[in-house]
2 protein chains.
Amino acid sequence: MSAPTLTSSARNRLLDVGARATPAREHVLEILLAATRALSHQEIEAAARKQGFNFDRVTLYRVLDWLVTQQLAHKIEGQDRVWRFNAITVTSTEHGHAHFHCTRCGQVFCLEQLEPSFAVTLPAGFRFEKAELTIQGICPSCATD
Amino acid sequence: MSAPTLTSSARNRLLDVGARATPAREHVLEILLAATRALSHQEIEAAARKQGFNFDRVTLYRVLDWLVTQQLAHKIEGQDRVWRFNAITVTSTEHGHAHFHCTRCGQVFCLEQLEPSFAVTLPAGFRFEKAELTIQGICPSCATD
DNA sequence: TATTTTATGCAACCGAGTTGCACGTCGACC
DNA sequence: GGTCGACGTGCAACTCGGTTGCATAAAATA
Ligand SMILES: [Mn+2]
Ligand SMILES: [Mn+2]
Ligand SMILES: [Zn+2]
Ligand SMILES: [Zn+2]
């Protein structure tokens with residue numbers, strides 16, 4: 001049960017966690033691994049349909065939740081009340097959860113490379129668990145229009 | 001049309017922006033001003049009902065939106081797909097939008113005092129607009145239980 | 001007062017996510 | 001291989017936060 005590497009396929013990642021590699025799980029994880037940004041439920045559904053794989057909405061929600069509990073994906077909440085998911089790779093496992101939300105097209109990008117260093121001193125009595133930093137702005141493809 | 005100060009009443013703030021000071025607006029703004037944290041639609045509705053003032057859900061949504069456009073309140077999105085609002089005071093107008101979300105009771109606190117200084121270098125092509133920093137953890141009242 | 005503007009109430013709607021339950025499928029065990 | 005239990009999937013109905021359209025009420029303006 002070695003840690004999944006960047007090169008391991010969706011199927012191998014699933015087997016690595018000692019779980020059933022069902023078609024739904026494989027397809028979803030593949031889509032997430034291929035994506036360059038965090039994908040919403042709708043985007044994942046569309047991507048799956050485009051490659052001829054179709055399944056129920058609910059199944060997708062359950063697969064995504066399951067991937068999160070297995071630490072194969074992580075889930076972020078956007079400004080638009082929509083959850084987005086991206087696959088966790090060795091380089092992203094411990095990232096500082098900095099995300100970029102394009103205010104024009106709504107796409108969400110994970111900013112894995114930059115470790116967000118923020119200086120926050122909480123008022124007395126507050127116990128820190130984790131921080132989430134979201135940058136809003138215009139994404140490259142929207143900026144060139 | 002002077003800038004509203006910390007001591008001005010809800011009514012005065014409304015008149016300051018040259019708007020109708022309707023009962024709904026007054027009550028909602030009063031509730032927001034009295035709160036020590038950001039309030040959800042439900043919390044505001046409950047607070048209003050408790051002081052004998054009742055109105056339609058939709059009216060509340062519209063009043064809150066209006067307060068935001070008038071820069072009398074600001075709106076934040078929590079991890080629970082719920083919007084929360086708090087009154088803008090002179091000290092909070094230009095705050096850096098740092099918020100604390102209690103993972104146990106769900107309450108959201110504005111961390112006005114601390115200017116969240118984060119060093120983020122966006123990848124090429126991304127245009128910065130604003131940053132939002134949310135700290136998750138346990139709030140004082142939950143921590144003592 | 002009459003006219004126009006703006007706020008409120010009500011009902012129906014929307015979209016993301018959830019729940020319950022029946023059915024299918026897989027793996028384990030005999 | 002056949003039987004069983006565990007688990008994954010599909011379907012329908014539901015929840016919940018938030019919106020929209022439209023009729024009515026209440027201010028502002030004249
Ligand atoms: Mn991420
Ligand atoms: Mn705030
Ligand atoms: Zn964009
Ligand atoms: Zn708490």
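Note on naming: letters A, B, ... go to the chains in the order of the sequence lines (proteins, then strands), and numbering restarts at 1 for each one.
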Undergrad: Name the nucleic acid region contacted by B:Val58, choosing base, sugar-phosphate or nothing; use a 4.0 angstrom heavy-atom cut-off, strictly under.
TA: base
Undergrad: Report the distance from atom CG of A:Leu64 to atom P of C:dA16, rounded to the nearest whole Å.
TA: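 Answer to the nearest Å: 14 Å.
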Undergrad: For a quick test of reading the model, state the closest non-hydrogen atom pair linking B:His74 to B:Cys110 and the distance between them.
TA: NE2-SG, 4.1 Å
Undergrad: Please classify the nucleic acid contact of A:Trp83 as base, sugar-phosphate, or nothing, using heavy-atom distances under 4.0 Å.
TA: sugar-phosphate
Undergrad: Table please: side-chain donor-acceptor pairs of residues 43-58 of chain B below 3.5 Å, with sequence neighbours left out.
TA:
from, atom 1, to, atom 2, distance (Å)
B:Glu43, OE1, B:Ser40, N, 2.7
B:Glu43, OE1, B:Ser40, OG, 3.4
B:Glu43, OE2, B:Arg37, NH2, 2.5
B:Glu45, OE1, B:His41, NE2, 3.4
B:Asp56, OD2, B:Val58, N, 2.9

Undergrad: Do the side chain of B:Arg25 and the main chain of B:Arg20 share a donor and acceptor less than 3.5 angstrom apart?
TA: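 Yes, because the side chain of B:Arg25 sits within donor-acceptor range (under 3.5 Å) of the backbone of B:Arg20.
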Undergrad: Quick one: A:Phe85 CZ to C:dG17 P, roughly how many Å, whole number?
TA: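 Atom CZ in A:Phe85 sits about 7 Å away from atom P in C:dG17.
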Undergrad: Mind checking which nucleotides bracket the chain B contacts on DNA chain D, 5' to 3', with an atom under 4.0 Å from a heavy atom?
TA: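 Nucleotide range in contact with chain B: D:dG17 to D:dA28.
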Undergrad: Quick check on DNA chain D: between A:Phe55 and B:Pro23, whose nearest nucleotide comes earlier from the 5' end?
TA: A:Phe55
Undergrad: Starting from P on C:dA7, measure out to CG on B:Leu67 and report it in whole angstrom.
TA: 11 Å
Undergrad: Grab the CH2-C1' distance between B:Trp66 and C:dA7 for me, whole Å please.
TA: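 Atom-to-atom, B:Trp66 to C:dA7, this comes out as 11 Å.
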Undergrad: Is any side-chain N or O of B:Thr22 closer than 4.0 Å to OP1 or OP2 of C:dT8?
TA: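 Yes, B:Thr22 has a side-chain N/O under 4.0 Å of OP1/OP2 on C:dT8.
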Undergrad: Taking it one step at a time, do B:Leu32 and B:Leu67 satisfy side chain to side chain contact (heavy atoms under 4.5 Å, CB included)?
TA: CA-CA 11 Å; B:Leu32 291 184; B:Leu67 288 174; 4.2 Å; yes
Undergrad: Atom CD of A:Gln79 and atom P of C:dA16: how far apart are they, to the nearest Å?
TA: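 In whole Å, C:dA16 P lies 16 Å from A:Gln79 CD.
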Undergrad: With rounding to the nearest 0.5 Å, note down the distance linking CZ in B:Arg11 to OG1 in B:Thr22.
TA: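 Going from CZ on B:Arg11 over to OG1 on B:Thr22, the span is 9.5 Å.
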Undergrad: Using a distance-only criterion (donor-acceptor N/O pair, under 3.5 Å, no hydrogens), is the base of C:dG15 paired with the side chain of A:Arg57?
TA: no
Undergrad: For the pair made of CZ in B:Arg20 and P in C:dT6, what is the distance, rounded to whole Å?
TA: 7 Å
Undergrad: Of B:Lys130, B:Arg127, B:Glu129, which is the lone residue that meets side-chain contact (heavy atoms from CB on, under 4.5 Å) with A:Thr103?
TA: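 Answer to the side-chain contact (heavy atoms from CB on, under 4.5 Å) test with A:Thr103 among B:Lys130, B:Arg127, B:Glu129: B:Glu129.
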Undergrad: In whole Å, I'd like the distance from the CG atom of A:Asp56 to the P atom of C:dA22.
TA: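 The answer, rounded to whole Å, is 17 Å.
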Undergrad: Touch check for A:Arg62, heavy atoms < 4.0 angstrom, all strands: base, sugar-phosphate only, or nothing?
TA: base
Undergrad: Could you state the CZ-P distance from A:Arg25 to C:dC26, rounded to the nearest angstrom?
TA: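 Rounded to the whole Å, the gap is 13 Å.
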Undergrad: Is B:Glu26 close to B:Leu14 at the side-chain level, that is, under 4.5 Å between some pair of heavy atoms?
TA: yes
